[in-house]
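Sequence lines set the chain letters: A, B, ... in the order given, protein chains first and strands last, and positions in each chain run from 1.
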Protein chains: 2
Amino acid sequence: MSEIRIRSKIWFEIEGQPLLGEGRFRLLSAVECAGSINAAAKNLGISYRKAWSQLEDMEQHAPFPLLERRVGGKGGGESQLTAETQELLKNFRLLREQINSAADYYFAEVFPMEE
Amino acid sequence: MSEIRIRSKIWFEIEGQPLLGEGRFRLLSAVECAGSINAAAKNLGISYRKAWSQLEDMEQHAPFPLLERRVGGKGGGESQLTAETQELLKNFRLLREQINSAADYYFAEVFPMEE
DNA sequence: TTATCGATATGCGAAATATGCATAACGGTC
DNA sequence: GACCGTTATGCATATTTCGCATATCGATAA
């Protein structure tokens with residue numbers, strides 16, 4: 001019994017509904033970086049439709065607006081994260097890191113001396 | 001921003017392929033308890049087809065046999081876990097518990113006094 | 001020796017999801 | 001007022017999941 005690795009993931013829920021997981025974290029990060037949903041989708045290699053649907057679904061359950069969107073105008077429009085969303089991403093990033101480290105630590109205790 | 005909870009999950013991989021996660025952990029536990037795939041599926045409220053497919057998929061990647069199966073004969077047949085599978089389940093159970101606790105702990109540090 | 005019975009094993013169509021193409025709407029800028 | 005690139009969305013297609021139906025198996029009992 002070797003070559004076994006542990007993986008872990010975390011996500012936030014609100015009233016039992018999924019709010020933010022790894023995939024959507026990446027999407028929001030990409031939006032923050034790119035300044036628009038469209039550019040973010042291109043960067044991630046997914047369709048705009050898919051990105052939009054995921055954001056739509058998220059905002060159904062989020063207790064605050066995720067994005068500030070602007071349609072039309074200079075450049076066609078843009079989207080950026082609200083301050084609360086930025087804070088949420090920051091917390092997610094930190095917790096994911098901590099818990100992933102904890103997983104590796106506990107795993108090494110249970111499966112010692114692999115190869 | 002309240003009512004937010006953290007959730008976490010772990011799974012084992014072998015050579016990058018999923019080996020054991022929560023759903024399959026429950027399935028194997030049910031098989032161990034019930035003594036057959038069929039009875040386990042009934043207990044879990046899923047179809048035998050689904051249970052069998054999941055086990056089939058698992059055994060594709062597992063480095064050791066998961067089940068000892070017997071077809072036909074007294075009672076029609078039976079299935080039980082190998083000793084290695086029992087050990088794997090035990091480790092999974094322990095690690096899941098530890099990491100879940102760690103998630104709650106770190107979460108409380110980042111999101112204090114949410115009631 | 002043969003019929004029985006309940007579990008394993010599996011093909012295949014149906015149902016549920018996910019995906020993405022095509023198109024409308026929008027509104028600063030020139 | 002025409003243009004441009006983005007947001008927004010309907011809808012058809014592709015992919016995955018699900019489960020019904022059926023074949024196979026073999027110890028036991030008759």
Side-chain angles (χ1 to χ4, degrees), chain A residues 9 11 13 16-62 64-82 85, chain B residues 9 11 13 16-62 64-82 85:
Chain A
K9 66 186 291 188
W11 67 100
E13 287 188 354
Q17 297 297 316
L19 173 63
L20 179 67
E22 180 63 28
R24 292 166 181 194
F25 168 81
R26 272 202 278 264
L27 176 54
L28 287 172
S29 297
V31 170
E32 180 173 35
C33 181
S36 77
I37 301 173
N38 199 342
K42 280 192 176 60
N43 289 346
L44 294 176
I46 64 178
S47 67
Y48 173 83
R49 188 68 178 83
K50 182 175 177 181
W52 185 87
S53 295
Q54 290 186 357
L55 293 170
E56 173 72 5
D57 187 61
M58 267 189 87
E59 295 209 298
Q60 295 288 327
H61 306 107
F64 50 81
L66 293 178
L67 303 175
E68 282 174 15
R69 298 156 180 213
R70 207 167 52 77
V71 180
K74 172 191 176 187
E78 62 179 0
S79 294
Q80 48 188 272
L81 307 191
T82 63
T85 305
Chain B
K9 67 187 290 190
W11 67 100
E13 287 188 354
Q17 297 298 316
L19 174 61
L20 180 67
E22 180 63 28
R24 292 167 181 192
F25 168 81
R26 272 202 279 264
L27 176 54
L28 287 172
S29 298
V31 171
E32 180 173 36
C33 181
S36 78
I37 301 172
N38 199 344
K42 279 191 178 61
N43 289 346
L44 293 176
I46 65 176
S47 67
Y48 173 84
R49 187 69 178 86
K50 183 176 177 182
W52 184 87
S53 295
Q54 289 186 358
L55 292 169
E56 173 73 4
D57 187 60
M58 267 189 86
E59 294 209 298
Q60 295 287 329
H61 305 107
F64 51 81
L66 294 177
L67 303 176
E68 283 173 16
R69 298 158 181 211
R70 205 167 52 76
V71 182
K74 172 192 176 185
E78 61 178 1
S79 294
Q80 47 186 274
L81 307 191
T82 63
T85 305

Ignoring hydrogens and angles, are the base of dG28(C) and the side chain of Arg70(A) linked by a donor-acceptor pair under 3.5 Å? no
For the pair made of [atom1] in [X] and [atom2] in [N], what is the distance, rounded to whole Å?
X	N	atom1	atom2	result
Leu55(B)	dA7(C)	CG	P	16 Å
Gln60(A)	dA8(D)	CD	P	13 Å
Glu78(B)	dA27(D)	CD	P	11 Å
Arg69(A)	dC26(C)	CZ	P	16 Å

Candidate nucleotides [options], ranked by approach to the side chain of [X] - the nearest:
X	options	result
Asn38(B)	dA7(C), dT6(D), dC11(D)	dA7(C)
Lys74(B)	dT8(C), dT28(D), dT29(C)	dT28(D)
Ile37(B)	dT9(D), dA27(D), dA9(C)	dA9(C)
Lys50(B)	dG19(D), dA9(C), dG20(C)	dG19(D)

For [X], answer base if it contacts any base atom (sugar-phosphate contacts may also be present), sugar-phosphate if it contacts only those atoms, and nothing otherwise; contact means non-hydrogen atoms under 4.0 Å.
X	result
Gly76(B)	base
Arg49(A)	base
Ser79(B)	sugar-phosphate

Taking the basic N atoms (NZ, or NE/NH1/NH2) and the acidic carboxylate oxygens, is any pair closer than 4.0 Å for Arg70(A) and Glu78(A)?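 Yes, Arg70(A) and Glu78(A) are salt-bridged.
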Please determine if Glu59(A) and Arg69(A) form a salt bridge, counting it only when a charged side-chain N lies under 4.0 Å from a carboxylate O. yes
Donor-acceptor pair between Trp11(B) and Glu13(B) side chains, under 3.5 angstrom: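 Glu13(B) and Trp11(B) do have a side-chain donor-acceptor pair below 3.5 Å.
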Quick one: are Leu55(B) and Leu28(B) in side-chain contact, heavy atoms under 4.5 Å?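 Leu55(B) reaches Leu28(B) side chain to side chain.
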Check whether any side-chain heavy atom of Leu66(A) lies under 4.5 Å from a side-chain heavy atom of Val31(A), and answer yes or no. no
If you find the nucleotide of DNA chain D closest to Gln54(B) and the one closest to Gly72(B), which residue's nucleotide is nearer the 5' end?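 Result: Gln54(B).
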In terms of the nearest nucleotide of DNA chain C, which residue is placed more toward the 5' end: Val71(B) or Tyr48(A)?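 Upstream on the strand: Val71(B).
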dT7(D) OP1/OP2 closer than 4.0 Å to side-chain N/O of Trp52(A):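 For Trp52(A), the contact criterion (side-chain N or O under 4.0 Å from OP1 or OP2 of dT7(D)) is not met.
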